[in-house]
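What follows is a short report on a single structure.
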Amino acid sequence: MFGNPDWSGGADISVTLCAKDDYVPACRTGRGAADGARATAREKKAIVSAIEKMPGVTSYVFEDQKAAYRNFAEDFADNEALVEATRPSDLPEAYRLTARPEADWNLMSRRPARLNGVQRVYNARCLAARASLGVKYGISNWVALPDSKVCAPGAR
């Protein structure tokens, strides 16, 4: 296990935003204000609006780069070299969503993933299920397993 298993700060869904010079395809294909640009204020406003309309979301918080670094440093406190090599600017801003257990987490992951300014969406339930499958059945490419196949809506 690496770092703190509660990597998401207790969030069920993490919506990470495009950062300056981001290499992720979603941030380099014209989906943002400009290729490789940070998520703009307008994009963030649209993301918040979409989050607030999603059924099943009970709360959300915005995590800026400084807060992300503080959380990272705490989570990886046992790996001093990694923490020292990482700067706040290396970490993306994110919205951390908490959801009702019976919510359709797959839908909650898909909706924001399509929005401009969104780098990636992490579904904590699906990441845990994928890792469990990888360990239990020796699946080496467990990260590539699709949410829709691994994580049934409403399953906990």
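The shown structure was predicted, so the numbers you read here are calculated from the model rather than taken from an experiment.
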Please evaluate residues Tyr122 and Ile13 with respect to the criterion side-chain contact (heavy atoms from CB on, under 4.5 Å), reporting the C-alpha separation (whole Å), side-chain torsions for both, the decisive distance (0.1 Å), and the verdict. CA-CA 6 Å; Tyr122 296 96; Ile13 307 283; over 6 Å; no
Is a donor on one side and an acceptor on the other found under 3.5 Å between the side chain of Asp90 and the backbone of Arg87? yes
For the atom pair OH (Tyr69) and CG (Asp64), what is the distance rounded to the nearest 0.5 Å? 14.0 Å
Work out which heavy atom in Met108 is nearest to a heavy atom in Ala103; give both atom names and the distance. SD-CB, 3.8 Å
Could you walk me through whether Tyr60 and Val15 pass the side-chain contact (heavy atoms from CB on, under 4.5 Å) check? CA-CA 10 Å; Tyr60 68 92; Val15 179; over 6 Å; no
Please tell me whether Arg96 and Ser14 have a donor and an acceptor in their side chains that are separated by less than 3.5 angstrom. yes
Passing candidate, side chain to side chain contact (heavy atoms under 4.5 Å, CB included) with Glu93, options Glu63, Lys66, Arg38, Gln119: Arg38
Taking the side chain as every heavy atom from C-beta outward, state whether Ile47 and Leu17 have any pair of such atoms under 4.5 Å apart. yes
So, does Ser49 use its side chain to make a donor-acceptor pair with the main chain of Lys45 at under 3.5 Å? no
Looking only at atom types and distance, does a side-chain atom of Asn116 sit under 3.5 Å from a main-chain N or O of Glu43, one as donor and one as acceptor? no
Co-membership, hydrophobic cluster, residues Val61 and Met54, 4.5 Å side-chain: no
Lys44 to Ala39 - nearest heavy-atom pair and separation: CE-O, 3.8 Å
Check: Arg120 main-chain N/O paired with Thr16 side-chain donor or acceptor under 3.5 Å: yes
Would one find more than 12 heavy atoms of other residues, nucleotides or ligands at under 6.0 Å from atom CD of Glu80? no
With a 4.5 Å heavy-atom cut-off, do Val118 and Cys18 have their side chains touching? no
Say you draw a straight line from CG of Leu82 to CZ of Phe72; how long is it, rounded to the nearest 0.5 Å? 3.5 Å
Can Leu97 and Ile51 be said to form a side-chain contact (heavy atoms from CB on, under 4.5 Å), step by step? CA-CA 8 Å; Leu97 288 58; Ile51 289 169; 3.9 Å; yes
Closest approach of Ala46 and Leu115, non-hydrogen atoms and distance? O-CD1, 4.4 Å
Mind checking whether Val48 and Tyr95 have side chains closer than 4.5 Å, heavy atoms only? yes
What are the two closest non-hydrogen atoms of Leu91 and Gln65, and how far apart are they? O-NE2, 2.9 Å
